[in-house]
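Inspection log for the structure reproduced underneath, given as structure tokens.
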Amino acid sequence: MKVTPDIPAPSAILEAALYVDDLDAAEDFYGQILGLEKIQRATNRHVFYRIGGSVLLLFIADETEKPPSNPELPVPPHGARGPGHVCLVLTRDEIAVMRKHLLDWNIPIDAEFDWPNGALSLYVRDPAGNSVEFSEGWLWD
């Protein structure tokens, strides 16, 4: 096993990205159905949402693979193909409310179960096929 020098440990995930094929459908799902706070949308490239102290970035993959057009913001090209995953924290009671809300919107439930430690998770798919999980915040404790 390779020994690494002491390095600072990150304290949180600041942002996470999912890739979608239709920003309007993504806005309907994440903004209207889930009620997330939209930070910005850039034409047909991305839409960003605030979740607590973190940000969920939703990108059109083809657009993120293009070289940066603003030399003052040299974000390297990136992108992914296929369904991704994000887990959003809710309490058990909030998950029950979200379950009913999603079913009212005709969003099918992919799975719902208690993990071996007792934490509840509920899974659905966004319009791009990404797996969206709602789980109790102590899942990894």
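Below, each value reflects all heavy atoms present in this structure, side chains not excepted, and no hydrogens, waters or symmetry copies.
Counting only heavy atoms from C-beta outward, the side chains of Arg92 and Asp114 approach each other to under 4.5 Å. A 4.5 Å side-chain heavy-atom check between Arg99 and Val124 finds every atom pair outside the cut-off. Taking 4.5 Å as the limit, every side-chain heavy atom of Asp126 sits out of range of all side-chain heavy atoms of Ile107. Contact check for Arg125 versus Asp110: side-chain heavy atoms found under the 4.5 Å cut-off. A heavy-atom distance below 4.5 Å is found between the side chains of Ile60 and Leu23.
The CD atom of Gln32 lies 11.5 Å from the NZ atom of Lys38; values are rounded to the nearest 0.5 Å. Atom CD1 of Ile51 is separated from atom CD1 of Ile13 by 11.5 Å, given to the nearest 0.5 angstrom.
Clustering ILVMFWY residues whenever any of their side-chain heavy atoms sit less than 4.5 angstrom apart, transitively, puts Leu122 in a cluster other than the one holding Trp138.
Put simply, the side chain of Glu136 gets close to the backbone of Leu120: a donor and an acceptor are under 3.5 Å apart. Between the Thr64 side chain and the His78 main chain, a donor and an acceptor come within less than 3.5 Å of each other. Side-chain atoms of Asp21 do not come within 3.5 Å of backbone N or O of Ala128 as any donor-acceptor pair.
When all heavy atoms of Phe134 and Ile95 are compared, the closest pair comes out as O-CD1, 3.8 Å. Closest non-hydrogen pair, Glu27 versus Val47, comes out as CG-CG2, 3.9 Å.
Ring geometry for Phe113 versus Tyr123: interplanar angle under 30°, hence parallel rather than tilted (30 to 60°).
Judged purely by distance below 3.5 Å, without hydrogens or angles, the side chains of Glu133 and His85 pair a donor atom with an acceptor atom.
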Practice task
Check the pair Asp141 / Asn117 against side-chain contact (heavy atoms from CB on, under 4.5 Å), numbers first and verdict last.
Solution key: CA-CA 9 Å; Asp141 290 350; Asn117 71 353; 5.5 Å; no

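In summary, Asp62 and Arg81 engage in a salt bridge, as defined by a charged side-chain N under 4.0 Å from a carboxylate O.
For an aromatic pair to be called close, the ring centres must be under 6.0 Å apart, and Tyr30 with Phe48 fails this.
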